[in-house]
Peer 1: 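Shown below is the structure under consideration.
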Amino acid sequence: MREPRVERERKDFADFYQRFRDNCLRAVLAGTGDRALAEDLVAEAFARAWASWPKVSQHPAPAAWVVRTALNVRVSWWRRRRREVALDGHDRAVLIGDEFDTNDALLAAVRRLPRRQREVVVLRIWLDLDTRSVAAVLGISAQTVAVHLSRATATLRAQLVPAAC
Amino acid sequence: MNDDEVWDAVKQTLSDVQMDRPVEAIEQRGRARRRKRHVIGVAAGGGVAAVAALALVLPMAIGSGTAPAPTGPNNQAGPVSPAPAGDIKLVSLAASLAADNAVLPGDASLIIEKVDVRRGTVPSGTRYHLHTDSGDYYFTEARRQLPRVVVRGENLGNGFNTRGVAAARYAATGDLAKAREQMINSVYDEGKPPTAEQDRTEILRQLGVTSPPPVTEEQKKFAANNYLWVNSVIVLSAGGGDPKVRAGVLRLISTIPDVTVAESTTGGQPTLTLTARVFGNDGQQVLTINAQNGVPIRSVLDYPDLKTTIVETFEVSRVTVADIKAGRF
């Protein structure tokens with residue numbers, strides 16, 4: 001029996017969510033440094049993806065769409081959150097401080113990167129997008145992506161490899 | 001250390017981070033994305049069950065045609081209730097704005113919003129909102145980024161602004177009961193509440209609420225006014241450059257009993273101060289508008305339970321998208 005379209009879409013979306021939710025959260029957390037904020041941004045972005053699933057599912061990199069959406073609405077999130085009470089069993093009525101260990105020098109270095117380098121790194125590292133896909137998502141040339149990635153990698157490598165004396 | 005090794009090391013820093021929200025919660029949030037903005041605080045003793053049930057109240061109220069009769073002098077149906085003095089101020093201002101037939105300049109409204117968060121954990125700053133007359137919405141935190149996001153087509157609109165602005169324009173001179181329903185339902189795709197009673201029960205079951213409490217008429221009215229206020233205030237910003245939109249919003253707000261209106265003075269100019277207690281949990285919003293043209297000037301949101309006060313000031317202007325793209329603003 002043919003499956004109703006809505007049910008197929010729900011299955012597709014549920015499968016997409018299960019496969020990419022952790023990496024999307026990691027990518028947004030790397031960019032924001034605030035666990036509570038990142039989780040809510042990612043939930044909002046996935047909800048928007050579901051609300052526009054026929055369109056988003058056709059995007060060349062739907063997970064990147066989610067991450068970019070989450071980062072784009074970063075600040076306007078509070079305009080919604082302040083009128084919300086969590087319905088999913090997570091008590092978020094109070095905005096708690098960041099419980100994630102931000103002392104990690106490497107992660108801190110990611111957040112100190114210039115914005116464009118940080119975007120490229122986040123999409124490359126946590127979503128495994130190749131240079132061309134990152135370029136398509138960000139609307140810049142592949143060469144520019146390569147330059148940003150090279151500079152960012154050099155900065156991050158310096159955190160891992162002590163400078164030669 | 002080669003590039004792959006660097007990236008693997010970076011990736012490992014967050015390897016134990018997991019997103020543990022169930023997909024059902026995401027789907028429910030997506031079905032009515034803005035519904036959660038209108039959920040009132042937890043009723044005393046009600047807990048998550050009461051809130052979850054209330055979040056799904058509104059489709060029942062509107063879908064069953066139980067929208068409350070309008071108040072004010074211009075209603076077309078239902079009994080006319082005496083309007084409080086505050087309503088008369090809003091209705092008078094709305095009438096003068098609705099009569100304004102001047103040609104609207106530009107094709108978009110630019111709102112520069114300065115936010116000052118007191119006692120909370122949300123960063124303060126300046127935000128730039130661009131609402132085009134075609135329903136697109138662009139947002140940045142840095143002035144120099146606004147032209148770029150518009151050029152790149154990073155439209156964050158989802159139809160809500162289009163529907164809300166249309167509801168406000170209709171409300172300027174149309175049937176107020178119908179306009180209320182349109183504005184309340186503007187959050188839903190196509191302006192139609194998505195859930196029937198069966199779906200509501202199923203959604204609550206998936207959220208762990210096995211015996212959803214029945215919804216009272218009082219709760220339905222409270223939720224309706226909460227939605228109406230929140231949507232109207234957002235539209236006041238989204239379409240604030242258009243006097244007809246402001247007229248409709250003010251007429252709609254005049255029908256909310258939990259909004260009081262007082263005359264005031266702000267920066268030497270006459271203003272109206274609207275105080276809305278539609279959130280529950282002692283939360284309130286105080287919105288200050290220009291008493292002569294209804295343009296929003298300032299908003300103070302106070303949430304005692306969150307120990308947070310958010311103060312916003314607005315600069316609203318009509319612009320053209322072309323000028324924004326060229327950085328001329």
Side-chain angles (χ1 to χ4, degrees), chain A residues 10 13-14 17-18 21-22 24-26 29-30 34-35 39 42-44 46-53 68-69 72-76 78-91 93-97 100 104 106-107 109-110 121 124-126 139 149-150 153 156-157 160-161, chain B residues 1 3 5-7 9-11 13-15 17-31 33-34 36-42 48 51-52 55 115 117 120-123 125 127 129 139 141 149 152-154 156 158 189 207-208 226 230 279 283 301 303 305-308 310:
Chain A
R10 286 185 74 179
F13 176 78
Y17 180 69
Q18 297 298 343
R21 60 179 177 171
D22 291 342
C24 285
L25 177 59
R26 292 162 189 161
L29 181 53
D34 182 323
R35 172 61 189 262
E39 199 169 301
V42 171
E44 171 67 18
F46 269 110
R48 290 187 182 207
W50 172 234
S52 306
W53 187 238
R68 286 225 79 207
T69 299
N72 278 341
V73 299
R74 173 184 174 177
V75 178
S76 65
W78 62 265
R79 178 172 279 191
R80 298 184 295 276
R81 284 287 300 139
R82 68 193 181 204
R83 294 164 193 167
E84 288 179 357
V85 173
L87 299 178
D88 57 6
H90 296 267
D91 184 2
V94 176
L95 297 173
I96 59 177
F100 182 75
D104 187 289
L106 197 52
L107 209 55
V110 170
V121 162
R124 176 67 186 83
I125 291 179
W126 279 283
L149 191 58
S150 171
T153 305
L156 297 175
R157 184 181 286 113
L160 293 163
V161 179
Chain B
M1 194 174 221
D3 288 356
E5 288 169 337
V6 172
W7 299 336
V10 174
K11 196 170 184 176
T13 60
L14 294 174
S15 58
V17 169
Q18 290 184 324
M19 180 75 171
D20 54 2
R21 297 194 188 186
V23 68
E24 292 82 7
I26 301 294
E27 286 176 348
Q28 194 265 344
R29 188 169 175 167
R31 267 194 294 274
R33 199 160 60 79
R34 293 178 187 264
K36 285 178 76 173
R37 290 194 292 169
H38 308 86
V39 175
I40 64 173
V42 176
V48 173
V51 174
V115 182
V117 183
T121 61
V122 177
R127 282 108 194 197
H129 309 267
F139 165 79
E141 294 177 83
V149 299
R152 289 201 296 254
E154 292 181 6
L156 298 177
N158 71 333
D189 290 340
L207 295 173
N226 175 280
V230 172
F279 303 106
L301 272 145
Y303 294 96
D305 56 331
L306 300 181
K307 296 182 173 52
T308 297
I310 300 167

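The figures here come from the full heavy-atom set of this structure, side chains too, leaving out hydrogens, waters and symmetry mates. Quick note on labels: first sequence line is chain A, next is B, and so on, each numbered from 1.
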Peer 1: OG1/A:T69 to CD/A:E44 distance, rounded to the nearest 0.5 angstrom?
Peer 2: 9.5 Å

Peer 1: Any donor-acceptor pair under 3.5 Å linking the side chain of B:R127 with the backbone of B:V115?
Peer 2: no

Peer 1: If the condition is side chain to side chain donor-acceptor pair (under 3.5 Å), which residues does B:W7 pass it with, not counting sequence neighbours?
Peer 2: A:T153

Peer 1: Please rank A:L25, A:I125, A:V110 by heavy-atom pairs under 4.5 Å with chain B and give me the top one.
Peer 2: A:I125

Peer 1: Output all residues satisfying side chain to side chain donor-acceptor pair (under 3.5 Å) with A:Q18, sequence neighbours left out; order by chain, then residue number.
Peer 2: A:R21

Peer 1: Can you tell me which portion of A:V42 sits under 4.5 Å from chain B's heavy atoms? Options are side chain, backbone, both or neither.
Peer 2: both

Peer 1: Please classify the contact of A:F46 with chain B as side chain, backbone, both or neither, using a heavy-atom distance under 4.5 Å.
Peer 2: both

Peer 1: Please flag which part of A:A30 lies under 4.5 Å from any non-hydrogen atom of chain B: side chain, backbone, both or neither.
Peer 2: both

